[in-house]
Amino acid sequence: MSGVRGHHGRSYGKTNAFLEQAEIRPAIPIDQVRYVRATTTQDRSTRLAIDLITRDENIRWLFHADIDHAQVNALAAVLAESMRIPDAEREELQRR
């Protein structure tokens, strides 16, 4: 069964297995998370993706097309709880 590709290239059939067994590297401090969204790729595979934007990086996690959309959306929702823009960054953006 195909699923999410985790650490060491192992394939996981369900998002729960991914959450329990996969590793995501490098570690991203939770206070660096600025924006999270669940989306789909625009290529021919139309795979599910989660975009995680930090102050310094744009990170995209890709999931196999047959993974449950609700599971990916739930993961994105948990990550989105950490979204915040510090006041100093917000003020800098407003001055531009």
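Between Leu79 and Val33, the closest side-chain pair of non-hydrogen atoms is not below 4.5 Å. The shortest side-chain heavy-atom distance between Tyr35 and Leu52 does not fall under the 4.5 Å cut-off.
Rounded to the nearest 0.5 Å, atoms CG (Leu62) and CD1 (Ile50) are 10.0 Å apart. With rounding to the nearest 0.5 angstrom, the OG1 atom of Thr54 is 10.5 Å from the CG atom of Asp31.
Clustering ILVMFWY residues whenever any of their side-chain heavy atoms sit less than 4.5 angstrom apart, transitively, puts Phe63 in a cluster other than the one holding Val78. There is no path of hydrophobic side-chain contacts, each under 4.5 Å, that joins Leu75 to Ile30.
Residues passing the side-chain contact (heavy atoms from CB on, under 4.5 Å) test with Thr39 are Arg37, Ala49, Asp51, Arg60, sequence neighbours excluded.
Applying the salt bridge (charged side-chain N to carboxylate O under 4.0 Å, His left out) test to pairs two or more places apart or on separate chains, those with a residue in residues 71-89 are Arg34-Glu89, Arg55-Glu89.
Taking each heavy atom of Val36 and Met83 in turn, the nearest pair found is N-SD, 3.2 Å.
With hydrogens and angles ignored, the 3.5 Å screen pairs a side-chain donor or acceptor of Thr41 with a backbone N or O of Arg47.
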Take Thr40 and Gln42, measure what side chain to side chain contact (heavy atoms under 4.5 Å, CB included) needs, and give me the verdict at the end.
CA-CA 6 Å; Thr40 56; Gln42 299 301 313; 4.1 Å; yes
